[in-house]
Amino acid sequence: MATAPAGVSTSARGVVSSKAELSKPQLSKGMLRLPWASRRRASSRRLVLVASSPSTPPNISEKVVESIKKAEETCAEDAASGECAAAWDEVEELSAAASHARDKIKASDPLEEYCKDNPETDECRTYED
Amino acid sequence: MATCAVYTTPSLHSCSITSPAKNSLGFHQRKVIFFTSRRITKRGGRSTSEVTCSAEAKTVVIGLAADSGCGKSTFMRRLTSVFGGAAEPPKGGNPDSNTLISDTTTVICLDDYHSLDRTGRKENGVTALDPRANNFDLMYDQVKALKDGVAVDKPIYNHVTGLLDPPELIRPPKILVIEGLHPMFDPRVRELLDFSIYLDISDEVKFAWKIQRDMAERGHSLESIKASIEARKPDFDAYIDPQKQHADAVIEVLPTQLIPGDNEGKVLRVRLIMKEGLKHFSPVYLFDEGSTISWIPCGRKLTCSYPGIKFAYAPDTYYSNEVSVLEMDGQFDRLDELIYVESHLSNLSTKFYGEVTQQMLKHSDFPGSNNGTGLFQTIVGLKIRDLYEQIVAERAAAVAEAAKV
């Protein structure tokens with residue numbers, strides 16, 4: 001639970017500025033008291049060089065947001081229906097996909113990727129003896 | 001890859017043919033001994049095409065069941081690492097393929113057997129957990145075919161788009177692992193499994209893990225995560241949870257008992273529930289098989305930091321099966337703690353002293369590497385390797401017997 005919220009890290013990377021507007025203060029409710037999810041963000045933006053968790057690729061991220069909205073709408077009508085369960089199941093599936101995408105980005109090393117496909121090039125030669 | 005990865009003809013009982021000349025892979029392939037009940041090798045002048053089929057032709061099938069987001073892929077990476085080699089998605093294929101292939105192992109995600117894609121499930125109001133969203137006939141046919149050494153065209157379920165993509169070719173490997181929500185749901189598929197594992201995560205831990213995973217995600221909040229878990233719970237309890245009674249090994253993850261009131265899910269209590277009386281599987285034990293042991297390794301010989309480590313071992317009954325339960329509560333934070341614990345466990349099926357520690361260290365960046373989840377996953381991986389070797393040895397002996405006759 002020590003990962004920085006995406007809002008802080010992505011604003012430092014200058015991706016979509018609208019992300020910064022999303023109310024991350026929600027996190028400070030209840031049992032998660034994250035000290036950085038506060039007003040300080042606005043003033044310290046230029047000083048933020050957070051070693052953040054990798055961000056999800058934007059298309060998957062969009063899908064997750066949409067699916068959560070849809071699920072909340074569907075369940076507002078009828079919380080016990082199969083449609084409601086299916087909607088939240090979709091959220092779960094997309095969140096898992098997002099998490100895998102994040103892991104893949106974290107794990108990929110451009111040189112390794114290149115060498116996997118082109119092992120005979122000079123940069124990728126290995127000597128084992 | 002697999003030696004018998006060429007073709008099979010329907011007339012063959014359960015083997016594949018390879019003619020020694022056509023060796024496109026360029027290295028020495030083991031000869032494959034042909035073994036059918038009809039013995040057509042002895043007929044006529046066909047003996048020149050050295051058609052042989054080995055004991056390796058039949059794949060060993062392992063089933064792994066767990067809810068999504070519960071560490072299956074970590075388990076897979078540990079398992080394939082025990083066998084050697086890294087498992088990767090098939091090269092040149094669909095980039096969103098869920099399959100992992102290494103030299104000896106192929107891991108198939110059972111989500112590929114969804115009969116309804118995401119839109120279909122939404123229309124029908126079913127979750128992916130519901131058996132109605134899965135094609136068990138196709139699952140059974142394909143797993144059976146792979147087990148018998150026949151390559152199959154397996155559909156791909158794309159988790160990003162939610163659609164069923166065109167199929168990919170899967171060649172029969174030495175070890176086939178089917179991971180997903182329903183490996184043990186269908187009784188026919190259950191029969192095909194040589195070993196089955198169920199990852200049972202308790203609700204509190206699941207909630208903590210999902211928070212860790214999803215809080216960094218824009219759009220998610222505590223409420224949405226909670227709602228998501230609760231909406232899926234009825235289907236989960238009805239369809240997925242009952243599979244644990246059929247599993248040969250259950251890894252149960254619970255909140256720790258060492259820290260009162262802990263709800264962060266960082267320190268875990270993990271129980272490895274192993275079925276007794278299985279043919280190729282001998283449960284891991286502590287000190288004395290069949291007795292009840294409680295062990296805290298921290299003391300004079302070993303210093304541990306807070307909260308320490310606690311082990312327990314006892315025989316038990318689990319859903320009316322005889323089982324042995326090995327339990328670990330707490331965390332490792334030093335190498336010598338790990339090796340100390342390993343030296344006191346018995347029946348680990350390691351090939352050398354310190355193999356468990358070595359495997360854990362190799363993947364120290366994987367989640368769970370400092371607690372019972374990583375430890376027991378590694379141990380189960382070694383047990384599966386042992387099971388595989390026993391089955392292969394048995395089949396080789398059977399073939400030798402039959403050849404003598």
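Proteins come first, then strands; the chains are lettered A, B, ... in the order of their sequence lines, and each starts at number 1.
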Say you draw a straight line from [atom1] of [X] to [atom2] of [Y]; how long is it, rounded to the nearest 0.5 Å?
X        : Y        : atom1 : atom2 : value
A:His100 : B:Arg213 : NE2   : CZ    : 8.0 Å
B:His220 : A:Ser67  : NE2   : OG    : 7.0 Å
A:Glu93  : B:His114 : CD    : NE2   : 6.0 Å
A:Lys63  : B:Arg118 : NZ    : CZ    : 7.0 Å

Considering only heavy atoms from C-beta outward, does the side chain of B:Leu129 approach that of A:Glu92 to under 4.5 Å?
->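 Of all side-chain heavy-atom pairs linking A:Glu92 with B:Leu129, none is under 4.5 Å.
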
Interchain contact, B:Val160 with chain A, by part (heavy-atom threshold 4.5 Å) =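 The answer is both parts of B:Val160.
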
Does any heavy atom of chain A fall under 4.5 Å from the side chain of B:Phe236, the backbone, both, or neither of them?
->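 When you check distances to chain A, no heavy atom of B:Phe236 falls under 4.5 Å.
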
Might you point out which heavy atoms bring B:Ser228 and A:Trp88 nearest each other, and give the distance in Å?
->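 Where B:Ser228 meets A:Trp88 most closely, the heavy atoms are OG-O, 3.5 Å.
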
Minimum heavy-atom distance between A:Ala86 and B:Lys122, given as atom pair plus value =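 Scanning both residues completely, I find the closest heavy atoms to be CB-CA, 4.4 Å.
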
For B:Lys226, does the NZ atom have more than 12 heavy-atom neighbours from other residues, nucleotides or ligands under 6.0 Å away?
->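 Open.
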
Let me know if [X] has heavy atoms under 4.5 Å from chain B in its side chain, its backbone, both or neither.
X       : result
A:Ala97 : side chain
A:Ser95 : both
A:Ala85 : both

Quick one: of A:Asn59, A:Val91, A:Ile68, A:Thr74, who has the most non-hydrogen atom pairs under 4.5 Å with chain B?
->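 Looking at each of A:Asn59, A:Val91, A:Ile68, A:Thr74 in turn, A:Ile68 comes out on top.
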
Any idea which of B:Lys91, B:Glu123, B:His159, B:Lys233 has the most non-hydrogen atom pairs under 4.5 angstrom with chain A?
->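 Most heavy-atom pairs within the cutoff with chain A belong to B:His159.
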
